[in-house]
Amino acid sequence: MAATISVIGAGYVGLPTAVLLAESGYKTYLIEIDAGRLNAIRKGRSFFYEEGIDALIEHSLQTEKLIPTDSYEVAIPKSDFIFSCVGTPDNPDGSPNLSFVFAAAEESLKYVPKKTIFIQKSTVPVGTGQKIVQLLNRKRNKHIDYVSSPEFLREGTAISDSLWPDRIVIGGNKRVAEKVLGLYKSIEKNRDKIVSRIGIVSPTGHPTNYFLTSLNSAELIKISSNAFLALKISFANSIAKLADHTGADITEVMDGVGTDRRISRAFLNAGRGYGGGCFPKDVSGLISSANEFGVDIQIMTAASDVNESMPGYIARKAQTKLSSLTGKRLAVLGLAFKAGTSDARRSPGIKLANILSRNGAKVSVYDPKANHEAEADLRSGITISNSLDKAIRGTDAIFIATDWPEFIELDFKKVKDLMRGSLIVDAMNALNENAVTHAGLQYTGIGRY
Ligand code: UDX
């Protein structure tokens, strides 16, 4: 008989994980304590935008393989495997807040059956697993195995990333890790059937690598992967500032640099910097965790500082082009931290809009999916537009802060007619510069022109 699984937390990681396990034939309890999120899932909808996920929720509810619940008591006693996918927001000092991680383990512990495997998917600082193992060992009459299996999916491509992962990492006892690997392999076996329901194009030639490691190594693999990607982005942004001063074009530079296979072109796109629920907190989490062990990790402090500087840098660049920001009418397009998601956490577009507004500009903003989520973080006085046309009408300059296709493929002749000025600030370096200038508009990117 197929195993029964509990997934704790219906967020960006937990929801795709639960749905894919359910679609692979496992009876999967999805434990979510937020009533709003739970009700949405029960109606077949995710509380965030993610391509393909609603169709899979709906199907797995129909087959009754997915069982959304707010009750540990209902789900945990029946579970052979428990995936913990709760949030790890950061504390004001940058260290990760692990209260949800420990609460999920404590709460599970109350109801675990005699034997179960607890799999940590939340991103935690190295050493956390060992502390949870101590906690789980308190139940002497039960046998709870613990492994770390960090998640590498990206928001916006969560389903595809989970079905065709670059690697699966499982840290802990090898015998236990093999059992957990069996679950992932079973998702892999079912992936053609799953994608046929949602029409996601499968990547070709994409082998998955499997790593069975120690507990601490698995935790550190996850945090180091995100830190290194953040480092690459901040490196590209540092060179972009130099390119701005020297007339070089950062895109040409990184195309040249990135063809070196030892380096690779990925994550060398300069622009308004990284945002979202992962990179900013994973970088600050790594810094605080290293400090705790007395390890100097200045390289990450520098990466974080460069990232923080980018929205201000872009505002100053625009200020130079416009003489002044005061009284100017400016549109910021893109409030999600990247295209393909409604997630506006730590969004560079929001930060940019707030800086422009603080400097006296009259700012309108628009995002196809994240308007609502961004609202709370925008300064009062900023106008949230419900259409692209409304956002850009009568503006002196437009800032592209997220590379949504509808921004990249804008009809710039029409844009020119709607604007009163002519400056297009490509804060993603994603536009076709010729399309902008041919329409009679002025183009500027980050590290280019
Ligand atoms: C990231 C990791 O990629 C993923 O493996 C992990 O599981 C979670 O964190 P995600 O936060 O979804 O995923 O977004 P990602 O696509 O990595 O982008 C992060 C940020 O970096 C975005 O704001 C993006 O716009 C920015 N970015 C990315 C750049 O500024 N330049 C680049 O070259 C690439």
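Here the structure is a predicted model, which means the values were calculated and not measured. Start at 1 and go down the list; that is how both ligands and their atoms are numbered.
With a heavy-atom cut-off of 4.0 Å, Lys281 does not touch ligand 1 at all. Heavy atoms of Arg272 found under 4.0 angstrom from ligand 1 belong exclusively to the side chain. Of the heavy atoms in Leu153, only backbone atoms (N, CA, C, O) come closer than 4.0 Å to ligand 1. In Leu268, the part holding a heavy atom less than 4.0 Å from any atom of ligand 1 is the backbone.
In terms of polar-atom proximity, defined here as any N/O pair under 3.5 Å, Ile233 makes no such contact with ligand 1. Considering backbone and side-chain N/O atoms, Phe152 comes within less than 3.5 Å of an N/O atom of ligand 1.
Closest to atom 23 (O) of ligand 1 among all protein heavy atoms lies Phe337 O, 2.8 Å. Ranking protein heavy atoms by distance to atom 34 (C) of ligand 1, first place goes to Phe267 CD2, 3.4 Å. The protein heavy-atom contact nearest to atom 3 (O) of ligand 1 is Arg154 CG, 3.4 Å. The protein heavy atom nearest to atom 16 (O) of ligand 1 is Lys338 NZ, 2.9 Å. With hydrogens left out, the protein atom closest to atom 20 (C) of ligand 1 is Tyr274 CB, 3.6 Å, a heavy atom. Ranking protein heavy atoms by distance to atom 31 (N) of ligand 1, first place goes to Asn269 O, 3.0 Å. Nearest non-hydrogen protein atom to atom 1 (C) of ligand 1 is Phe279 CE1, 3.4 Å. The closest protein non-hydrogen atom to atom 2 (C) of ligand 1 is Asn226 OD1, 3.5 Å.
Between the side chains of Asp389 and Ser387, no donor-acceptor pair is found at a separation under 3.5 Å. Using modelled atom types and a 3.5 Å distance limit, the side chains of Ser214 and Ser217 yield a donor-acceptor pair.
Ligand 1 places these atoms under 4.0 Å from at least one heavy atom of Lys222: 6 (C), 7 (O). Every atom of ligand 1 with a heavy atom of Glu155 under 4.0 Å away is listed here by number and element: 12 (O). Contact atoms of ligand 1 toward Cys278: 8 (C), 9 (O), 11 (O) (distance under 4.0 Å to a heavy atom of the residue). The ligand atoms of ligand 1 that sit less than 4.0 angstrom from a heavy atom of Gly273 are 30 (O).
Ring planes of Tyr449 and Tyr443: perpendicular class, angle over 60° (limits at 30 and 60°).
Judged by the shortest distance from any of its heavy atoms, Gly276 lies outside the 4.0 Å radius around the atoms of ligand 1. Put simply, part of Gly275 is less than 4.0 Å from ligand 1, judged by heavy atoms.
The side-chain tip of Lys369 points at the ring of Tyr49 from less than 6.0 angstrom away and within 45° of straight on.
The residues Arg329 and Asp396 are annotated as not salt-bridged, no charged nitrogen and carboxylate oxygen being separated by less than 4.0 angstrom. Using a 4.0 Å cut-off between a side-chain N of Lys or Arg and a carboxylate O of Asp or Glu, Asp249 and Arg448 qualify as a salt bridge. Using a cut-off of 4.0 Å between Lys/Arg side-chain N and Asp/Glu carboxylate O, Asp403 and Lys338 are scored as not salt-bridged. A salt bridge between Lys351 and Glu308 is present, with a side-chain N of the basic residue lying under 4.0 Å from a carboxylate O of the acidic one.
For the pairing with Glu23, the salt bridge (charged side-chain N to carboxylate O under 4.0 Å, His left out) check across Arg197, Lys65, Lys193 returns one residue only, Arg197.
A heavy-atom distance below 4.5 Å is not found between the side chains of Asn209 and Asp166. For the pair Asp80/Thr116, no side-chain contact is recorded, criterion being any heavy-atom separation below 4.5 Å from C-beta on. Put simply, the side chain of Ser46 does not reach to within 4.5 Å of the side chain of Ile41, judged on heavy atoms.
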